[in-house]
*Asks:* 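Mind looking over this structure? Questions follow.
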Amino acid sequence: MSINLLNRIVFLTIVLFTISCSINRTEYYVSPSGNDNARGTLKKPFLTLQKALESIPADKPGDYKIWLADGNFQLKEGAVISSDKFNNPDVHLTIKAETEATPVISGGIKPNGWIRNWDGLWETSDVLANAPEELFINGKRATRARFPNEGYLNVKKVGEDRRTNFYFGRNEFPVPVNEKDVELVFLHDWSISRIKVKNLDFETHKLTAVDSVGAKQPAFFNMDNWGPHPRYFLENDVAFIDTDYEWCYSSKQNKIILKLPENQNPENIDIIIPVSESLVKITGTKENTIKNVSFEGITFQYCAWQIPEMGYCGVQACQFDPRPVKQGWDVVPAAVTADWGENIKFTDCVFKDLGTSGLWFSTGCKNCTVENSEVNDVSGNGIMIGEGRDRLVNGEPWWKVATDEAALGNTIKNCSITQCGVRFSGAIGIWCGLTAETTIQNNDVYDLPYTGISIGWMWSPEPTPCRENSIDGNHIHHIMNVLSDGGGIYMLGLQPGSQLVNNHIHDVKINAGRAESNGMFLDEGTTNVLVANNLIYNIAKSPLRFHRATTNLVKGNYLFCRNGNPPIRYNRTNEEDIEKVDNVVYAEEDENYQTELDKIIKAFDGK
């Protein structure tokens with residue numbers, strides 16, 4: 001062998017060795033039948049995701065994969081992925097389902113020790129420290145005992161302070177066994193309160209809550225602000241259990257009480273209580289952003305959130321009035337949260353059966369994506385991007401002094417989002433706060449108690465980091481099923497360069513309350529937004545509504561109106577400020593209304 005050939009072989013060997021050292025490709029395997037003392041290989045997998053995460057070296061660039069086998073990975077507390085390991089742009093982490101596997105990251109437990117009481121109801125004391133607020137049977141949410149079973153009661157008259165008490169009718173509901181466990185669910189126009197009962201006086205027919213019902217500020221949350229006889233119902237007492245699969249929790253006995261069909265035994269069916277308050281936290285800092293983390297084919301199921309002791313009193317979109325009073329509003333948390341993350345991705349994932357919201361790309365998240373994923377049966381919002389306006393930096397609102405901290409360039413596309421707001425009816429399918437360059441595209445958003453998609457969080461045209469957001473090609477339908485004063489798309493605040501285009505919106509209901517619901521509701525401060533090529537029909541009121549908006553362009557939309565409703569409603573908005581170009585408008589009384597509607601629906605469906 002010549003010296004030149006030998007030198008070349010040595011050189012290539014050194015190059016290949018260098019590449020193999022600099023690009024470290026490592027795989028870890030996790031299985032419900034694994035062991036955290038094992039090696040994390042295919043044949044000897046770990047038991048927990050957290051062990052696999054801890055096994056990844058902190059200082060080696062490379063592509064790391066954690067493969068999850070089929071089955072449930074039960075958590076008592078959420079897994080944490082932090083930027084101390086994953087802040088290098090040359091490190092990529094993928095957590096992925098094995099081929100044909102359906103791994104479930106679960107925060108639920110199965111209670112045992114059921115016995116049948118003299119009333120024929122099943123009981124168990126196998127309950128953890130926190131009182132359970134959700135229970136699932138065979139993968140379906142069981143009804144927490146309520147009265148009435150369907151529909152609502154109506155306040156007869158509010159009390160003098162209009163905030164803490166009201167009067168009910170004689171024999172309006174059963175006398176609770178333990179009134180201290182009873183939760184009052186009170187409906188406002190666009191939010192609800194869930195708050196414990198302090199006292200039920202059956203002589204004066206007066207109900208008093210433990211604190212103010214409705215947010216303490218602003219003042220329009222007075223009980224009777226939207227009407228003299230608002231809706232409410234009661235939950236969580238054995239006296240309300242009268243149908244199969246209803247349940248309640250008794251604090252006196254520390255027991256779950258459940259009604260089942262005569263031939264069923266709880267030990268033989270799949271009963272789950274959510275206990276973990278988080279499933280996954282992806283956590284960075286402004287100085288140390290977490291980068292390049294992906295989830296593929298994972299189901300996130302069962303997560304708990306405990307309502308504060310003094311109640312959940314909603315303001316809007318699962319933001320609520322904190323008790324005791326403090327700076328800003330609180331928000332219902334999400335099962336999966338990322339903050340200060342960059343290039344975080346969820347693909348072909350499922351978020352379901354959650355006592356929280358689903359997924360949240362929070363403060364400082366950039367270029368994060370959720371695609372081809374499903375959100376189904378969650379208590380709060382479906383997917384959230386960004387944050388509101390309350391956080392302070394050096395004593396000043398963050399959106400004034402730290403505009404670079406806004407969520408930027410994030411995307412939600414090709415997702416199915418349904419049955420959000422199961423417990424907190426003011427929830428949104430997709431909620432975005434003060435965000436920039438957000439893309440919400442080709443999602444199916446439906447069967448919701450309130451608004452489909454909401455973007456913006458400033459009730460004025462004051463400048464914020466909110467800009468260049470796009471809501472494009474979404475199918476939003478069968479919404480506003482419980483509350484009022486929302487729409488398929490709700491927008492507010494100054495968002496220069498934003499657009500609402502190519503959306504298909506229909507079947508928006510009207511409910512109790514004095515404010516209407518619309519196909520699109522463009523609220524205070526909406527300015528210089530393009531509203532184009534949208535199809536809107538079967539809307540209880542006007543397809544479009546502007547409220548305290550300024551100059552906007554409405555172009556090439558198809559607006560189908562119920563008789564007596566104009567295509568566009570202008571609430572405290574100068575009509576001449578809304579430029580209208582080439583819109584097609586039909587009213588139900590038009591002879592060719594249905595023919596034209598069918599034709600345009602077919603065209604939209606064919607895109």
Side-chain angles (χ1 to χ4, degrees), residues 146 148 150-169 172 183-195 197 206-209 211-235 311-321 323 329 421 423-428 431 448-452 454 457 459 479-488 490-492 508-524 539-542 545-548 564-565 569-573:
R146 61 165 282 178
E150 296 181 359
Y152 309 97
L153 303 171
N154 290 93
V155 168
K156 301 304 177 187
K157 179 184 175 183
V158 301
E160 289 184 3
D161 66 5
R162 305 174 66 195
R163 283 305 187 103
T164 63
N165 60 86
F166 63 82
Y167 295 89
F168 54 87
E172 192 158 77
E183 190 167 272
L184 166 66
V185 185
F186 190 98
L187 284 72
H188 312 277
D189 244 29
W190 62 79
S191 67
I192 70 166
S193 293
R194 282 184 170 271
I195 189 167
V197 170
K206 183 178 182 180
L207 182 152
T208 303
D211 201 0
S212 174
V213 178
K216 294 182 178 179
Q217 295 293 332
F220 55 62
F221 277 98
N222 288 339
M223 287 181 175
D224 57 349
N225 182 67
W226 291 282
H229 308 292
R231 298 172 294 167
Y232 74 97
F233 60 93
L234 303 176
E235 273 193 4
Y312 166 90
C313 295
V315 179
Q316 190 169 330
C318 286
Q319 311 267 334
F320 65 94
D321 183 25
R323 311 285 173 90
W329 295 331
R423 295 197 68 218
F424 309 110
S425 302
I428 312 292
W431 178 86
L448 301 177
Y450 185 52
T451 289
S454 176
W457 204 245
W459 286 262
I479 59 166
M480 305 302 302
N481 293 331
V482 176
L483 300 179
S484 300
D485 205 16
Y490 176 75
M491 174 178 263
L492 74 163
V508 177
K509 291 184 178 180
I510 188 169
N511 292 284
R514 68 187 186 191
E516 64 181 61
S517 301
N518 306 89
M520 293 184 184
F521 179 10
L522 299 109
D523 205 354
E524 300 184 49
I539 311 299
K541 292 292 185 179
S542 295
R545 173 162 60 122
F546 292 90
H547 176 241
R548 287 181 172 171
N565 288 320
R569 183 86 66 185
Y570 306 94
N571 296 145
R572 302 182 186 179
T573 299

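All of these numbers come straight from a predicted model, not from anything done at the bench. Computed over heavy atoms, backbone and side chain alike; hydrogens, waters and symmetry mates excluded.
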*Asks:* Report yes if some heavy atom in the side chain of Val482 is under 4.5 Å from a heavy atom in the side chain of Lys509; otherwise report no.
*Replies:*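 In short, these two side chains do not touch, never coming nearer than 4.5 Å.
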*Asks:* To the nearest 0.5 Å, tell me how far Leu483 CG sits from Leu448 CG.
*Replies:*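 These two atoms lie 11.0 Å from each other.
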*Asks:* Residues in ring pair (Phe, Tyr, Trp, His ring centres under 6.0 Å) with Phe166, at least two apart?
*Replies:*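 Partners of Phe166 by the ring pair (Phe, Tyr, Trp, His ring centres under 6.0 Å) criterion, ordered by chain and then number, come out as Tyr232.
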*Asks:* Any side-chain heavy-atom pair from Val185 and Ile192 closer than 4.5 angstrom?
*Replies:*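 The answer is yes; the side chains approach within 4.5 Å.
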*Asks:* Hey, what's the ring geometry for Phe424 with Tyr312, parallel, tilted or perpendicular (30° and 60° as the breaks)?
*Replies:*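 Answer is tilted, since the angle falls between 30° and 60°.
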*Asks:* Any chance you could measure Glu524, atom CD, to Trp459, atom CH2, to the nearest 0.5 Å?
*Replies:*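 Reported value, rounded in 0.5 Å steps: 8.5 Å.
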*Asks:* What pairs with Asn225 under side chain to side chain contact (heavy atoms under 4.5 Å, CB included), at least two apart in sequence or on another chain?
*Replies:*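 Asn225: side chain to side chain contact (heavy atoms under 4.5 Å, CB included) contacts with Phe220, Asn222, Arg514.
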*Asks:* Listed by chain and number, what are the side chain to side chain contact (heavy atoms under 4.5 Å, CB included) partners of Leu522, not counting sequence neighbours?
*Replies:*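 By the side chain to side chain contact (heavy atoms under 4.5 Å, CB included) rule, Leu522 matches Met491, Leu500, Met520, Thr526, Val531, Phe546.
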*Asks:* What residues form a side chain to side chain contact (heavy atoms under 4.5 Å, CB included) with Ile428, not counting sequence neighbours?
*Replies:*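 Ala317, Asn381, Trp431, Tyr450, Thr451, Ser454.
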*Asks:* Excluding sequence neighbours, so at least two apart, what forms side chain to side chain contact (heavy atoms under 4.5 Å, CB included) with Pro148?
*Replies:*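 Pro148: side chain to side chain contact (heavy atoms under 4.5 Å, CB included) contacts with Arg146, Leu153, Phe233.
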*Asks:* With sequence neighbours left out, write down each residue that passes side-chain hydrogen bond (donor to acceptor under 3.5 Å, both in side chains) with Asp523, or none if nothing qualifies.
*Replies:*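 By the side-chain hydrogen bond (donor to acceptor under 3.5 Å, both in side chains) rule, Asp523 matches Tyr490, His547.
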*Asks:* State, with a plain yes or no, whether a side-chain heavy atom of Asn154 is found less than 4.5 Å away from one of Phe168.
*Replies:*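 Asn154 vs Phe168: side chains apart.
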*Asks:* Distance from Leu207 atom CG to Asn165 atom CG, nearest 0.5 Å?
*Replies:*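 Reported to 0.5 Å precision, the distance equals 8.5 Å.
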*Asks:* Let's go through Arg545 and Asp485 carefully: what are the C-alpha distance in whole Å and the side-chain angles of both, what is the deciding distance for salt bridge (charged side-chain N to carboxylate O under 4.0 Å, His left out) to 0.1 Å, and is it a yes or a no?
*Replies:* CA-CA 10 Å; Arg545 173 162 60 122; Asp485 205 16; 2.8 Å; yes
*Asks:* Does Asp224 pair with Lys157 as a salt bridge, N-O distance under 4.0 Å?
*Replies:*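 No, this pair does not count.
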*Asks:* Is any side-chain heavy atom of Cys313 less than 4.5 Å from a side-chain heavy atom of Phe320?
*Replies:*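 Counting from C-beta outward, Cys313 and Phe320 never come under 4.5 Å.
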